[in-house]
Every structure is written in structure tokens, then in C-alpha cells.
There are 2 protein chains.
Amino acid sequence: MSKSLVGIHAEGKIYTDKLLDTSAAAARAISLYGKENVTNGSSGVMCDENSTLICLPTVETTFRNIGIRELVGYAPIAGMQDYQDAAIRHTFADYQPEGYIKAIATPGGAGAVSSVIWNYSDPGDAVLTHDWLWAPYKSMCSETGRKLQTFSLFNENKGFNIASFEAEVREILKQQDRIVIILNTPGNNPTGYTLTNEEWDAVIEVVKENAKADNKSITLLLDIAYIDFTNDPLKSRAFMKKFKNLPDNIFITLAFSMSKSFTVYGQRTGAIIGLSSSKEVIEEFTHVTQMTARTRWSNVNRGCMQIMSTICNDPLMVESLQKERDDSMGMISKRADIFMNEASKFELDVLPYCGGFFITIPTVKPDIACEYLQKNNIFLVPLAKGIRIAICSIPTIQVKGLAGQVVEALKNTSEK
Amino acid sequence: MSKSLVGIHAEGKIYTDKLLDTSAAAARAISLYGKENVTNGSSGVMCDENSTLICLPTVETTFRNIGIRELVGYAPIAGMQDYQDAAIRHTFADYQPEGYIKAIATPGGAGAVSSVIWNYSDPGDAVLTHDWLWAPYKSMCSETGRKLQTFSLFNENKGFNIASFEAEVREILKQQDRIVIILNTPGNNPTGYTLTNEEWDAVIEVVKENAKADNKSITLLLDIAYIDFTNDPLKSRAFMKKFKNLPDNIFITLAFSMSKSFTVYGQRTGAIIGLSSSKEVIEEFTHVTQMTARTRWSNVNRGCMQIMSTICNDPLMVESLQKERDDSMGMISKRADIFMNEASKFELDVLPYCGGFFITIPTVKPDIACEYLQKNNIFLVPLAKGIRIAICSIPTIQVKGLAGQVVEALKNTSEK
């Protein structure tokens with residue numbers, strides 16, 4: 001083989017992606033057998049009962065009405081002011097805590113998460129998240145020489161495992177002065193779990209306790225991609241009010257994404273929002289985050305940002321979009337209920353689903369089980385310790401009986 | 001002040017941007033005094049004779065006809081196959097050399113350039129480009145701990161300075177085994193210079209000579225953002241044919257951007273194209289580049305990629321778009337001719353303009369001269385050693401007399 005030409009840091013990087021590989025396999029099966037014969041639970045996008053990708057009507061109409069020059073013109077690096085304001089209002093709604101707040105546009109939630117990891121940690125640092133996780137967090141860390149460490153998301157009662165969280169935060173802060181902690185809630189990807197307000201109190205207590213030493217700092221990075229797909233999207237923001245009056249060595253960052261909330265996935269538009277009691281912390285955030293933006297992707301899709309600011313500046317459009325979102329969530333909830341009921345009849349172990357796009361079945365043999373299911377034209381994503389079902393994208397008719405098929409797959413692979 | 005919360009590598013990062021600051025100042029002046037009273041030569045976008053941003057009609061029509069699900073759906077990390085193929089065909093046209101070729105979608109040309117710097121160099125490495133440069137190259141390097149070094153673009157005859165190029169390449173390869181060399185041509189930003197075919201022969205000779213040692217490797221990174229805006233866009237690709245049969249420790253990468261060629265600047269869509277005589281080099285490129293994409297921005301604007309593949313798969317649309325581009329270039333050429341003629345009457349020193357969006361006046365006091373011009377509502381971008389004029393965006397009526405105003409500004413600031 002030829003000599004490797006990449007930098008030492010990039011040697012041996014192999015790009016594989018079980019999420020996208022499964023989607024690609026599902027697409028091939030659909031083209032061979034027809035969509036009605038293929039259960040595609042691989043991808044985090046909402047599909048209607050005909051397996052057709054949903055774009056919420058208010059968003060589609062707005063998109064079609066954006067002027068061409070707004071679509072193709074350059075945006076400022078941080079996004080237009082109107083967009084920044086809309087992203088902040090949408091994110092916090094009635095629960096905006098006091099403090100300095102700034103939003104910087106990013107290509108989707110992925111750009112937001114990646115930017116915080118990059119700026120708020122150093123090569124060699126540990127970054128912490130829960131063991132049930134969106135796999136790209138790990139790649140984002142390894143790509144830049146960070147190590148992703150995990151705590152157990154669930155305790156024995158399937159509530160948030162505060163003891164495990166506390167132990168890991170404490171341990172890591174013995175080794176390093178800064179820590180980035182990623183929490184994906186509400187509607188956690190992949191489990192659908194949502195931290196309760198009491199669990200949030202405990203999390204903040206742990207964070208405060210571990211940031212007592214002046215030389216330590218904690219950056220909390222909240223991936224809230226699924227916040228608008230819970231049973232009560234407004235109340236699911238209530239925890240945000242708890243972030244007021246934190247000491248200035250605790251920094252709150254929120255990865256906002258239009259992808260799910262506005263069903264514009266491939267348009268790649270989101271924002272990283274910083275919240276701090278310190279003006280200087282927010283100024284530093286504004287500088288470092290814009291520099292990362294300018295040097296990685298330059299600026300963000302102006303047309304898509306314009307969709308959001310147009311809608312958010314019109315109360316009637318906000319209302320109609322909210323209704324469309326609620327209807328979609330109603331459809332997802334119905335599917336989830338069917339699955340959970342059937343699972344319970346089979347006594348199938350399912351992680352606690354509270355909302356969002358996914359349901360997860362824990363298993364020690366996810367790859368073999370998913371392969372088995374693929375032979376029956378059922379496409380689910382194997383995780384490290386489970387199987388992820390994108391309940392958002394599977395028509396109700398195909399959800400019926402799915403739990404049984406998973407049970408059968410687990411049974412048939414348990415001896416292997 | 002609060003303690004800095006960012007990683008050590010990010011401490012003290014200050015985001016400033018003279019390009020975008022000047023655009024913002026121009027926008028404020030326009031809102032105060034009206035566009036007919038403000039000469040806005042700050043931004044690299046084509047404007048018509050009414051100072052209105054141009055979106056080429058074939059692109060606009062195609063954009064409006066893309067189905068909503070194509071607009072909002074997720075794309076594969078590398079982009080759809082059709083898009084990759086179109087990007088390669090468009091880039092090389094009649095001059096595709098033999099070799100292995102792969103395109104990976106990126107958010108514009110910026111994403112492409114940044115990705116190659118990241119993957120093909122290490123922290124501490126020198127990256128080489130010409131001294132007349134697009135400023136973000138420098139930030140892209142400093143953001144990731146690389147040092148941007150420069151050679152003199154021009155010799156005393158205002159031709160390509162091959163001696164300076166050769167000396168820097170040789171010097172850097174004494175210190176390190178790998179080098180990334182960025183060349184922005186044809187229609188260099190900021191000067192408008194285009195390397196001749198003979199100059200290209202000399203460049204390739206230097207690259208080959210310096211890659212003779214087995215342990216050395218050279219990655220040539222061509223920023224071709226302005227390739228479609230020369231007097232003969234097809235022939236301006238002829239140099240690409242020279243990249244055949246290079247040894248496998250010389251890697252050719254091309255930053256393709258839809259921004260200018262398809263006038264979809266803010267849609268953030270481009271690709272990085274790798275070309276090598278070695279299959280393994282291209283496989284490595286495919287892996288490392290996709291991993292960088294997945295971990296920085298995940299995927300690229302699907303709708304915009306669809307615009308390109310739709311147009312490029314239809315010969316009639318290709319033809320109509322080419323005619324629209326040629327008409328636009330005709331307008332830019334006319335403006336450039338007026339400026340160059342007036343400049344020559346004033347004996348104003350102008351760097352050699354061959355095409356592209358910009359003309360540059362060398363001066364030792366760019367900031368003071370640009371400030372002076374701003375007082376007369378003329379907005380041009382100060383570079384390290386000159387003033388950049390975005391001739392692409394200034395209506396002909398405002399181009400007339402502009403050279404004289406620059407002369408006056410230089411005269412009035414020369415004593416300061």
C-alpha cells in the first residue's frame with residue numbers, strides 16, 4: 001500500500017456509520033420490495049402513514065415564499081440578528097432564565113455540539129456523556145483527540161443515575177480543570193428518556209458542588225434536538241429556569257436545531273446558544289464560536305434561517321406550526337403506545353420512553369439481532385448495547401407486530 | 001474579568017473580519033444614504049447594474065422546482081452520487097486527467113479548504129500559500145494550530161514568482177515531511193491573477209522535484225472558486241490535464257464551490273475533490289474527509305446539491321446557465337476594463353487582473369486609505385498590503401471615476 005499522506009493525527013481514521021449504513025440498506029430494500037414491504041426504522045425523520053417524509057405545511061409554505069435573494073445571499077457568520085433572536089425565544093419560550101445569552105448560527109445541532117467540544121476542551125481531555133448516546137458524539141471527540149467517557153444513564157429503577165453521574169464528574173475533575181458534559185434530553189436519542197425536574201435539581205447540585213474550587217470549570221452542553229416532540233413541549237422547557245444565578249465557572253450551552261422542530265433536516269441550520277451570569281464568558285463564547293464557524297463552514301444557510309425568523313415573527317404562523325407539530329407528535333405517541341403495549345405483553349425489556357423520535361431495546365447482541373431483522377426487511381439501528389427504533393418514521397400499520405418481531409429476533413440470536 | 005473557560009488552545013481567540021466588517025459598514029451606509037449614493041465593493045457576490053444581487057435565472061427556476069422532500073431530506077455524508085458526479089464533471093470538464101477521483105460534499109469552498117488543511121497537516125506544521133491571499137486561510141490554520149507561511153505571488157515582472165515558490169517549498173520540507181500548498185487560481189482572490197499554462201508546468205516541476213524523496217509528500221490544494229469567471233472558463237481548466245501520472249506522494253485536491261458558479265452563496269454547498277494515481281490515497285481521502293464532515297457539520301444542504309445535479313444532467317440547462325454566466329462575466333469584464341483604463345491614465349499601480357471577482361491595488365497604508373474612502377461612501381476591503389475592489393458587485397456607473405477616487409485616497413493618506 002501507498003504511504004499514508006494524512007497528518008499523524010488523522011492516520012488510520014476509518015469512516016463507518018451504522019446509522020447511515022442502515023438507512024442505505026433500507027433504501028435498497030425499498031427499491032427492491034416496495035415501501036409497504038419494508039419497515040424502515042433507521043432514520044430520525046418523521047414519516048407519515050404512507051412512509052413519506054413529512055415537511056410541516058407552515059414550513060413548506062414559508063420556504064416557497066422566501067425571496068430568491070434571501071435564499072442565496074450570504075449571511076453574517078453568527079446568523080442574522082432576527083434569526084439569533086428567534087432561536088433564543090424558541091429555545092427558552094416561557095422559561096428564559098436571567099443572564100447573558102448569545103446565539104451563534106451553526107449547521108444543524110451537529111455543528112453546535114461539535115463547536116462546543118472543540119472550544120471548551122483540549123486534546124487529551126475527557127468529555128462526559130451518558131452511556132446511551134448518539135454515536136457521533138464519540139467521533140466528534142476522537143476526531144479532535146478528545147476521549148468520550150460515559151456514566152450510566154439509568155439506575156436500577158430506570159431513573160436518572162445521579163450517583164454514576166456524580167462519580168464520573170468528580171473523577172474527571174481530579175484529572176483536569178475543565179469538563180464538557182453532554183446531556184441529550186428531553187426525548188433522549190436513542191432512548192426517548194427525559195430528565196424530570198427533580199433529576200435536573202440533582203444534576204445542577206452535582207455540577208455546582210464540583211465547580212466549587214475556583215480552578216475548576218464545567219461546561220454543560222444540552223443537546224435539545226427533540227425538545228418539541230414531548231407530550232408538553234412548553235413544560236418540557238421548565239428545567240431551563242433552573243440555570244439562573246449559576247457561578248461564572250459553570251457555563252450552559254444549548255444545541256438548538258431546526259432539523260426536527262422545523263422538519264428541515266437536510267437544510268443544515270441550527271445554533272449554539274450560550275447562557276452565563278458573566279458578560280465576559282459570553283463575550284469569549286461569541287469570539288471563539290464565530291472563529292470556529294468562520295474556519296470550518298464560514299456561514300450558515302441564509303434561506304433556512306429566514307424561514308425560522310419569518311415564522312417566529314408571526315404569532316399566527318407560530319400557532320399553526322405548533323398545531324402541526326402537535327399533530328405529528330400525536331401520531332408518534334400513538335405508534336409508541338402500540339409498541340410499548342405489545343412489548344409489555346411479551347415482557348420485552350424497553351428503556352423508558354418519554355418522547356422524541358426513538359425507542360430502544362437493550363440487548364447484548366444488537367448487531368446479530370439487527371441482521372436477523374434485516375432478513376425480514378426490518379431495518380433498525382444496532383447500538384453498542386441495544387437496538388434503536390425510529391418510531392417517528394414507521395407507519396402505524398408496520399408498528400403493529402413489531403415488538404413481537406423484535407422478541408423473535410432476540411430469541412433466535414440469543415444462542416449465537 | 002472572569003477566568004477563561006475555553007480550552008488552552010482556544011484562549012485569546014478574537015474574531016474579527018475586515019471583509020465582513022466592511023460589508024456591514026456598507027450595508028449601514030446604504031440604509032442611510034440609499035444604494036445609488038454608496039459604492040459597495042466589499043463583498044464577493046455579483047450584483048447587476050442596480051446593485052441587486054444576481055441569482056442566475058436557470059438556478060432560480062431549478063431551485064423553485066425542487067420537490068420539498070428533496071429540499072428538506074437528509075443527504076448522505078459524501079453527498080448524493082449524482083451530485084458527486086456532477087461536481088467532478090463540472091470541475092474538470094474536457095480536462096479530466098487519468099487517475100482515481102472522488103468528491104465529498106462540503107459546506108461551500110470554505111468547508112473544502114478547511115477539511116484538507118485539517119487532515120493533511122499536523123498541529124505545528126507550516127501550510128504554504130501566496131502572499132496575496134484570502135484572509136480566512138490564515139484563520140483556518142491558526143484555529144487548528146497550523147502556521148500559514150507565504151511565498152511572493154509576483155516576481156518583478158508581475159508574473160508568477162516560481163523562485164519564491166520553490167524556495168519556500170524546499171525550506172518547509174527541510175523542517176517537515178508533509179506540506180499542504182494552497183493555490184487560488186484562476187481569477188485569484190484578491191488579485192484576479194491566473195497562472196498561465198507555462199507557469200503551471202513550472203509549479204508541477206517544483207512539486208515533483210521536492211517530492212522525490214520517498215519520505216516527503218505534497219498535497220496541492222487548489223481553490224478554484226472563481227474558475228467559471230474568466231474570459232474562457234473551459235480553457236482555464238486546461239492546466240488540470242497536467243495532473244496525470246503524478247507519483248502517489250503528490251496528492252491533488254480541488255475545492256469546488258457552487259457559491260459563485262451557481263450564484264448560491266448562502267446555501268453553503270461545495271465539494272472537496274481528490275485526484276491521485278493511487279487507489280489507496282483516494283480511499284484514505286474518502287475516509288478521513290467523511291469523518292471530518294460527519295464530526296463538523298454532519299451532512300450538506302441536500303436541496304442545493306439537487307439544484308446542481310438537476311442542471312448538470314440536462315444539457316439544455318447546462319447551456320442556458322453557461323450563457324447566463326458568460327453574460328455576467330461580460331458585465332464584470334466591462335467594469336474591470338473601465339477601471340483598468342482609468343487606473344492606467346492615473347499611472348495607478350494595479351495587480352495583474354485576468355478574471356474573477358476582484359481587483360487589487362497594492363499600498364502600504366490600506367487601512368487608512370480605506371477609511372478615507374469610506375468617508376466618501378466607498379467601501380473597499382483593506383488587505384495586509386493592498387486594497388481589494390469587488391468589481392463583481394459595483395455597477396458600471398459607479399466604477400467610472402473609482403480609480404481616480406482611489407488615487408486621491410492614496411495621495412491624501414500617503415503623508416499620514
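All of these numbers come straight from a predicted model, not from anything done at the bench. In the text below, chain A, chain B and the rest are named by the order of the sequence lines, each starting its count at 1.
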For residues 107-118 of chain B, which side-chain N or O atoms pair as donor and acceptor with protein atoms under 3.5 Å away, sequence neighbours left out?
residue: B:S114; atom: OG; partner: A:T295; partner atom: O; Å: 2.5
residue: B:S114; atom: OG; partner: B:R296; partner atom: NH1; Å: 2.9
residue: B:W118; atom: NE1; partner: A:E143; partner atom: OE2; Å: 2.7

Toward chain B, the part of [X] with a non-hydrogen atom under 4.5 Å:
X      : result
A:R178 : side chain
A:F63  : both
A:L19  : side chain
A:T292 : both
A:D17  : side chain

Is there a side-chain contact between [X] and [Y] (heavy atoms, below 4.5 Å)?
X      : Y      : result
B:S259 : A:Y74  : yes
B:V300 : A:R268 : no
B:L20  : A:R294 : yes
A:T263 : B:V72  : no

Point-to-point distance, once rounded to the nearest 0.5 Å, from [atom1] of [X] to [atom2] of [Y]:
X      : Y      : atom1 : atom2 : answer
B:I68  : A:R64  : CD1   : CZ    : 4.5 Å
A:L5   : B:D248 : CG    : CG    : 7.0 Å
B:T286 : A:I14  : OG1   : CD1   : 10.5 Å
A:D177 : B:I8   : CG    : CD1   : 8.5 Å

Heavy-atom pairs under 4.5 Å with chain B, option from A:L53, A:T52, A:T16, A:V180 with the top count: A:L53
When A:E60, A:R69, A:H287 are compared by non-hydrogen pairs under 4.5 Å with chain B, the top option: A:H287
At a heavy-atom separation under 4.5 Å, does [X] approach chain A through its side chain, its backbone, both, or neither?
X      : result
B:T144 : both
B:S139 : both
B:V45  : side chain
B:E70  : neither
B:F285 : neither

Give a yes or no on whether the backbone of [Y] and the side-chain of [X] come within a donor-acceptor separation of less than 3.5 Å.
X      : Y      : result
A:E284 : B:S4   : no
A:H9   : B:D122 : no
B:Q267 : A:L71  : yes

Carboxylate-amine/guanidinium contact B:K13 A:E283, below 4.0 Å: no
Residue, of B:N119, B:N249, B:T269, B:V59, that accumulates the most heavy atom pairs under 4.5 Å with chain A: B:N119
When B:R302, B:M140, B:E11 are compared by non-hydrogen pairs under 4.5 Å with chain A, the top option: B:M140
Trace of the side-chain contact (heavy atoms from CB on, under 4.5 Å) decision for B:I77 with A:Y15: CA-CA 10 Å; B:I77 301 299; A:Y15 173 72; 3.0 Å; yes
Do other residues, nucleotides or ligands put more than 12 heavy atoms under 6.0 Å from the [atom1] atom of [X]?
X      : atom1 : answer
B:K138 : NZ    : no
A:N215 : CG    : yes
A:N50  : CG    : yes

